[in-house]
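Here's the structure we're looking at; comments come further down.
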Amino acid sequence: MTVQLYLAAILFILMITIGGKKGARSFVALFLNFGVLLFTIILMNDPNLNPIILTLIACTLISCISLFFISEINIKTVTAFLSTIITTGLLLFFILMLTDQAMIQGFSEEETEEIGALSLFVGVDFVKIGASMIIMSTLGAIIDLSISISSPMREIAYHNPAISQKDLFSSGLSIGRDILGTSTNTLFFAFFGGYMGLLIWFKDLSYTIGEIVNSKVFSSEMIFIGSAGIGVALAIPVTSWITAYYLVKRRSESRDSGGR
Amino acid sequence: MFAQITERKSLRPKHLFIYITLALCVAASLYFVYHNHGWYDRPIAEVISTKIVESTEMEDMNGNKDTLYSQQIVAALKNGAQEGETITLTNEYSSSGATDQEYHPGNELFVSIDSSSTGKTELTGSIEDVKRDTYMMIIGWVFILLLLVVGKKQGLFSLITLGVNAIILSFALDIYLNSADISLLVVCSIGVILFTGISLLLVNGFNEKTYAAVVATLIGTFMTLLIAYVVVGFTSGNGLRYEEMQFLTRPYEMVFMAGILVGCLGAVMDVAITLSSSIFGLYEKNPAISIRALRKSGFEIGQDIMGTMTNILFFVYISGAIPMLILFFKNASPLGFTLSMNLSLEMARALTGGIGIVLAIPIAIYTSIFFVNRKKARP
């Protein structure tokens with residue numbers, strides 16, 4: 001058996017022991033998401049399909065799985081879903097512009113040894129693929145943040161039926177602010193854990209600051225971390241606004257229809 | 001209402017000062033990266049005009065169609081002895097742009113000047129790299145400003161912790177590289193203790209809630225490392241393809257383990273502080289609450305965050321491999337080979353991260369309850 005199988009088995013047992021039924025569903029969701037991601041990557045091989053549109057579709061599917069499959073469909077998950085899609089869309093265009101301008105697509109000099117035997121002229125647009133890669137890597141964090149804001153907001157609205165949309169919005173913002181630090185930290189450490197080898201390599205070869213800052217590999221990593229942070233920060237007002245809007249709208253609707 | 005208005009007014013000069021300082025920093029640093037050519041030893045040239053001199057349709061051995069272009073570039077040197085002179089460069093690129101790219105007027109490039117052409121009327125040379133520092137500065141500022149605008153004080157704190165953590169990480173790696181007999185794992189373990197202490201204490205202050213989170217994070221992270229270590233030792237690394245780290249001149253396994261340790265830390269910390277602050281919140285709202293009720297709420301919250309948290313790490317790790325996966329597929333590599341070749345380390349990292357997150361839930365619950373009990377016992 002391989003390391004991955006053992007680790008997956010341990011994760012599965014832990015999730016069931018600690019999370020029960022919800023834990024089992026979280027585990028299944030993880031593999032469904034992996035399936036969607038893999039399928040999207042395979043579709044990206046077709047040069048006639050636009051990777052950006054594929055990414056948006058994949059993000060929609062993945063958010064559905066992570067939100068509606070693990071928790072069920074309710075106002076919390078629906079608003080979290082909407083805000084995830086909107087945040088992702090906003091971020092996507094910003095990232096696409098930046099990857100194009102900074103020319104960080106594809107592979108760096110440091111990686112060329114590994115891919116030396118492969119043909120590089122494969123006819124897919126690596127700028128767009130680079131942008132979708134960055135979006136996908138932030139997606140998990142955006143989903144997590146949206147549900148972490150929309151869920152307590154619903155509780156607040158439930159306990160304070162008279163609260164205004166503006167107050168609800170600002171309480172959403174303040175919940176978001178509390179999570180912001182830990183979310184950016186999670187992403188930061190995950191990226192640095194993954195790029196540990198690269199950091200050591202930079203230091204071993206004693207790159208100068210100028211060389212590091214302008215190198216493709218470092219720039220793309222910084223753009224990764226930066227856009228992850230931007231995505232997370234952007235998700236806070238988007239989620240707070242959408243959730244506040246929906247909660248107040250639904251309240252006034254139920255009042256009009258006889259206050260059920 | 002009135003009190004609120006006066007309060008806002010009295011804060012204004014301080015805020016105004018902060019805004020002006022920030023705006024000055026942004027302006028000064030942007031001015032710097034657009035005019036810092038003199039600081040580089042390598043010659044930099046700005047593209048003035050481009051002309052496509054040749055384009056060929058091609059098909060590689062796997063039937064992929066691409067177009068190759070050859071581009072003639074006239075650029076002006078921005079630094080060094082030949083500043084102001086023009087240089088002619090050639091650039092070959094493909095429409096897919098896996099390792100190459102088209103240049104447009106305005107792009108700044110690091111070039112090397114052919115020594116044979118110096119002194120002649122027309123300089124020639126070759127392109128080494130792109131000057132990317134301007135974009136780094138732009139994304140850096142967008143990130144910082146957005147975090148400050150949305151996060152206010154908490155945003156500032158998270159920026160400070162990020163900065164401090166980056167410095168500690170760099171320092172830890174320096175120590176490892178400069179001494180022959182210290183293990184990377186030991187250096188990173190010390191780093192982890194510092195990261196946890198600084199990140200949590202700085203943002204949440206010195207109180208029982210934070211102590212519980214710190215203790216839970218450390219236990220959770222090191223238990224996860226232990227599990228990863230035992231599994232890798234037990235299977236003797238079967239299924240891990242270190243080819244991805246081939247460029248390293250250091251022991252791969254150690255670097256990989258250190259990566260796992262640092263990679264799961266953030267997520268474990270996130271879970272630990274979420275649970276400890278909810279449990280302490282419940283206790284402070286109702287000090288008579290039973291331990292059983294605290295435990296039950298803790299597990300409910302844990303179950304709620306478990307799914308989306310594991311997703312975060314999964315996507316961070318797997319997405320990074322997308323371009324490589326596509327390149328392998330396009331070169332007609334079989335699915336199984338491509339996945340095991342490019343995802344083995346990422347999968348292992350994502351799974352261990354998930355184990356860390358789930359493990360952290362009971363650990364954080366019991367640690368917080370222990371600290372609540374200690375607080376209760378004090379008169």
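Side-chain atoms are counted along with the backbone in the values below, which use heavy atoms only and exclude waters and symmetry mates. Order of the sequence lines sets the chain letters (A, B, ...), proteins ahead of strands, with each chain counted from 1.
Here CG of Asp304(B) is found 8.0 Å from CD1 of Ile147(A). Values are rounded to the nearest 0.5 Å. Within the model, atoms CD1 of Ile326(B) and CE of Met133(A) stand 10.0 Å from one another, a figure rounded to the nearest 0.5 Å. With rounding to the nearest 0.5 Å, the separation of NZ in Lys152(B) from CZ in Arg177(A) is 4.0 Å. Atom OG of Ser319(B) and atom CG of Leu37(A) lie 5.5 Å apart (nearest 0.5 Å). Atom CG in Asn214(A) sits 7.5 Å away from atom CZ in Arg132(B) (nearest 0.5 Å).
For the pair Asp133(B) (side chain) and Val213(A) (backbone), a donor-acceptor distance under 3.5 Å is absent. Judged purely by atom type and a 3.5 angstrom limit, Gln4(A) uses its side chain to pair as donor or acceptor with the backbone of Ser344(B). Judged by distance alone, with hydrogens and angles left aside, the side-chain atoms of Lys203(A) form no donor-acceptor pair with the main-chain N or O of Leu173(B) at under 3.5 Å. A distance-only check finds a donor-acceptor pair linking the side chain of Gln105(A) to the backbone of Gly97(B) [under 3.5 Å].
For chain A, no part of Glu108(B) is nearby; none of its heavy atoms comes within less than 4.5 Å. Heavy atoms closer than 4.5 Å to chain A are found in both the backbone and the side chain of Leu162(B). In this structure, no portion of Phe157(B) lies under 4.5 Å from any heavy atom of chain A. There is no contact between Ile134(A) and chain B, counting heavy-atom distances below 4.5 Å.
Put simply, the residue from Gln101(A), Met103(A), Lys216(A) that forms a side-chain contact (heavy atoms from CB on, under 4.5 Å) with Val130(B) is Met103(A). Paired with Phe121(A) under the rule side-chain contact (heavy atoms from CB on, under 4.5 Å), one option of Thr99(B), Asp66(B), Thr67(B) passes, and it is Asp66(B). A side-chain contact (heavy atoms from CB on, under 4.5 Å) with Leu11(A) is found for one member of Ile355(B), Ile227(B), Thr352(B) and no other, namely Ile355(B).
Considering only heavy-atom pairs separated by less than 4.5 Å from chain B, the leading option among Met15(A), Arg25(A), Met222(A) is Met15(A). Top candidate by heavy-atom pairs under 4.5 Å with chain A, chosen from His104(B), Met347(B), Met136(B), Glu300(B), is Met136(B).
A 4.5 Å side-chain heavy-atom check between Phe107(A) and Leu327(B) finds at least one atom pair inside the cut-off.
Side-chain polar atoms of Asn311(B) and Asn33(A) form a donor-acceptor pair below 3.5 angstrom.
Within the structure, ring-ring contact (aromatic ring centres under 6.0 Å, His included) contacts touching residues 205-229 of chain A (residues at least two apart or in different chains) are Phe191(A)-Phe224(A), Phe202(A)-Tyr207(A). Within the structure, ring-ring contact (aromatic ring centres under 6.0 Å, His included) contacts touching residues 310-332 of chain B (residues at least two apart or in different chains) do not occur.
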